[in-house]
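Keep in mind it's a predicted model, so treat the numbers as computed, not measured. Counting starts at 1 for both ligands and their atoms, in listed order.
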Amino acid sequence: MLDYHLHLWPHDESETPLRVDQLAAYCAKAQAAGVEELAVTEHLFRFRQAESLLGGFWADARIPPALQASMAEYWDFHATADLDEYVACAQEAKDAGLPVVIGLEVDFYRGRMDQVAGLLENYPFDVLLGSVHWLGAWRFDDIDVPLQMDEWSTREVDDCWEDYTLALEELAASGACDVLAHPDLIKVAGFVPDAPTEWWDRMAEAAASSGMAAELSSAGWRKPVGEQYPALGLMERFAARGVPFTTASDAHRQEQVADQALALRQILQTVGVGSLQGYRGRVPHTVALGDPPRSAGAEEA
Ligand SMILES: [Zn+2]
Ligand SMILES: [Zn+2]
């Protein structure tokens, strides 16, 4: 098993120390749950280099002023770290023999993914996750912020899924990233169309036609929607098209590392997937699922 989606910093922390011993603790927690390899994948928007390149993308007359102001404040709070230091810390952990690869969670920036790719090609990343976290400047997944959640009552659910799927398709077609993170994140707050199959088909096709892998993530169990990403129907569509998978917790702290690894393994088995996809230097390779750890059942009971 893999845990290919890990953050070093909770969202409520702006100051961000980097520590190899934190990564060592993540590895110990993961290995106890039968997870052999980890990818460190901090958000691109935590770094000053991203702010220099992309800051102000929310300044668009079509975006409501309150959402623009909220995004400006969000970036001001989050974009405090140095990308060079982050990569050096992950490299140091890797060089010390810890089972980690160097990654990043990259957001979708409409029309600017070439610029993003240009920044990231200067670093020795093993794997890049691609994520759609916001539509325009609406952070539809920021469930703790009333301004963001109130927006759900002003829009049609089908329209939100359409906008999200378009963004996902453009992200996949850009070729800037390797893995679609939490592929159906748009369901996070629990708003799901009566018949999501049309959008599931397009999400699966976007992955298949771009050669990206899809992430099976336990993070959705910790959100209002209360199910893994992706939904079983979307999992089946990825599997039917031969899209490879990673597994992930999307942990933002040590306690969440390898969260629900056994349950993720069972979902893979349900859809007939017997291996995962790992990455080195952004080149994919197949990883056997392996046997579950003898203690895993007890741990997760
Ligand atoms: Zn994410
Ligand atoms: Zn994440």
Subject >> Distance-only side-chain donor-acceptor flag, Gln49 / Asp82, under 3.5 Å >> reply: yes
Subject >> Neighbouring protein N, O or S atoms of the Zn ion (ligand 2) [cut-off: under 2.8 Å, no waters] >> reply: His5 NE2, His7 NE2, Glu105 OE1, Asp250 OD1
Subject >> Linked, directly or transitively: Val225 and Leu180 (ILVMFWY side chains, under 4.5 Å) >> reply: no
Original post:
Could you give all pairs that pass the ring pair (Phe, Tyr, Trp, His ring centres under 6.0 Å) test and reach residues 249-276, with sequence neighbours left out?
Top reply: His7-His252, His11-His252, His43-His252
Subject >> From Leu104, Leu119, Thr80, residue fulfilling side chain to side chain contact (heavy atoms under 4.5 Å, CB included) relative to Phe47 >> reply: Leu104
**OP:** Please find the N/O/S atom of His133 nearest to the Zn ion (ligand 1) and write down its name.
**Re:** NE2
**OP:** Find the distance between NE2 (His182) and CD (Glu215) and round it off to the nearest 0.5 Å.
**Re:** 6.0 Å
**OP:** Classify the ring geometry between Phe45 and His133 as parallel (under 30°), tilted (30 to 60°) or perpendicular (over 60°).
**Re:** perpendicular
